[in-house]
2 protein chains.
Amino acid sequence: MKTTPELSAGQGDVYSANCPSRAALALIGSKWALLIVPLLAEQPVRNNELMRRIEGISQKMLTQTLRELERNGLVERHDHRTVPPHVEYRLTPLGHSLSSTLVVLDRWAEQHYPALLAAQHDFDQAESGDS
Amino acid sequence: MKTTPELSAGQGDVYSANCPSRAALALIGSKWALLIVPLLAEQPVRNNELMRRIEGISQKMLTQTLRELERNGLVERHDHRTVPPHVEYRLTPLGHSLSSTLVVLDRWAEQHYPALLAAQHDFDQAESGDS
DNA sequence: CAGCATCCATGTAGATACTG
DNA sequence: CAGTATCTACATGGATGCTG
């Protein structure tokens with residue numbers, strides 16, 4: 001029985017600076033991918049609807065993130081080639097497998113952010129009050 | 001008293017730009033927190049060992065991330081106040097609850113990065129080859 | 001509607017040197 | 001050993017205007 005499992009040792013893990021899993025982690029942990037992927041898990045969504053449902057994202061970052069997700073095989077882009085343009089984004093099977101863990105992360109944030117805010121308050125109080 | 005606010009839609013979710021859960025998500029999804037938290041889940045770790053085990057992190061980013069995690073109630077800092085200094089970091093219960101989802105994310109990256117690399121290859125091929 | 005190009009402000013992160 | 005301080009390079013990301 002290993003107390004330090006394969007998580008922390010050797011090649012092929014996220015703790016190795018040169019392992020590509022680092023880059024993968026950076027992609028899937030990026031600010032907007034964290035929101036886009038779980039949203040696409042429900043059903044295919046168009047560019048414009050993504051803009052509306054993800055508050056605060058810019059067209060630039062949306063396209064940029066979608067492209068990167070597409071490039072990594074997590075998202076498929078379907079251009080209906082109509083006028084006016086109609087482009088749908090949907091998850092690949094690989095994207096769905098990722099989404100199932102990302103939704104858990106999103107829900108963790110939604111459920112626990114009050115605790116984080118409370119902790120921040122206490123911490124900042126102690127900071128200003130210590131002598 | 002409601003300890004768990006509405007989680008479903010509208011306010012209180014990560015898709016609302018003004019919701020603090022966005023900031024929470026940014027913290028827990030940050031490059032280094034993604035690595036530090038699961039590592040601390042195993043057992044308390046000292047600063048120096050974190051530096052060694054997390055390849056590529058700088059002292060600055062390590063301290064900075066640990067501080068932010070501490071401020072948000074995810075990590076506890078134990079200063080033994082000895083000479084030479086001996087400081088241990090460990091997860092709080094809240095931190096452990098987060099860690100259980102982060103380890104899944106880390107493992108996803110480790111398991112699927114070959115698929116991402118393959119997709120990148122195909123995508124880049126198609127890019128340069130399309131007409 | 002979808003998206004690209006450009007400019008520009010800010011944030012992030014590394015290197016280095018110094019301190020309790 | 002465990003930080004802090006400072007400076008700087010670079011990436012991130014927003015605003016705007018234009019195109020198919």
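From a predicted model like this one, the values you see are computed outputs, not experimental measurements.
- Regarding contacts with the backbone of C/dG3, a side-chain N or O of A/Tyr89 is found under 4.0 angstrom from either OP1 or OP2.
- Rounded to a whole Å, the CD1 atom of B/Ile57 is 12 Å from the C1' atom of C/dG14.
- Mapping B/Asn48 and A/Lys60 onto DNA chain D by nearest heavy atom places B/Asn48 at the nucleotide closer to the 5' end.
- In terms of heavy-atom proximity, B/Leu25 sits nearest to B/Val14 at CD2-CG1, 4.0 Å.
- Between B/Arg46 and D/dC1 there is no side-chain N or O to OP1 or OP2 distance below 4.0 Å.
- The side chain of B/Arg67 approaches D/dT4 more closely than any other nucleotide in the set D/dT4, D/dG14, D/dC1.
- Place B/Glu88 and A/Trp32 on DNA chain D by their nearest nucleotides, and B/Glu88 ends up nearer the 5' end.
- No salt bridge links B/Glu42 with B/Arg90; every basic N to acidic carboxylate O contact stays at or beyond 4.0 Å.
- Between the C1' atom of C/dA2 and the NE2 atom of A/His78 lies a distance of 16 Å, rounded to the nearest Å.
- Atom CE of B/Met61 and atom P of C/dA15 are 13 Å apart (whole Å).
- Listed candidates were C/dG14, D/dG20, C/dG3. Nearest to the side chain of B/Ser58 is C/dG14.
- Contact annotation for B/Gln64: no contact, since no heavy-atom pair falls under 4.0 Å across all strands.
- When the P atom of C/dG11 is taken as reference, atom CG of B/Leu27 falls 17 Å away, rounded to whole Å.
- Between A/Asp79 atom CG and D/dG20 atom P the separation is 16 Å, expressed in whole Å.
- Regarding B/Asn47, its CG atom lies at a distance of 18 Å from the P atom of C/dG20, rounded to whole Å.
- Checking the phosphate oxygens (OP1, OP2) of D/dG3, a side-chain nitrogen or oxygen of B/Arg77 falls inside 4.0 Å.
- By the 4.0 Å N-to-carboxylate-O rule, A/Arg107 lies too far from A/Glu110 to be salt-bridged with it.
- The distance between atom CD1 of A/Ile54 and atom P of D/dG14, rounded to the nearest whole Å, is 12 Å.
- For B/Asn47 and B/Glu88, the side-chain atoms include no donor-acceptor pair closer than 3.5 Å.
- Checked by atom type and distance alone, the side chain of B/Asp13 pairs as donor or acceptor with a backbone atom of B/Ser16 at under 3.5 Å.
- Rounded to an integer number of Å, the gap from B/Lys31 NZ to C/dG11 P is 19 Å.
- Ranking D/dG14, D/dT4, C/dA2 by closeness to the B/Thr63 side chain, first place goes to D/dT4.
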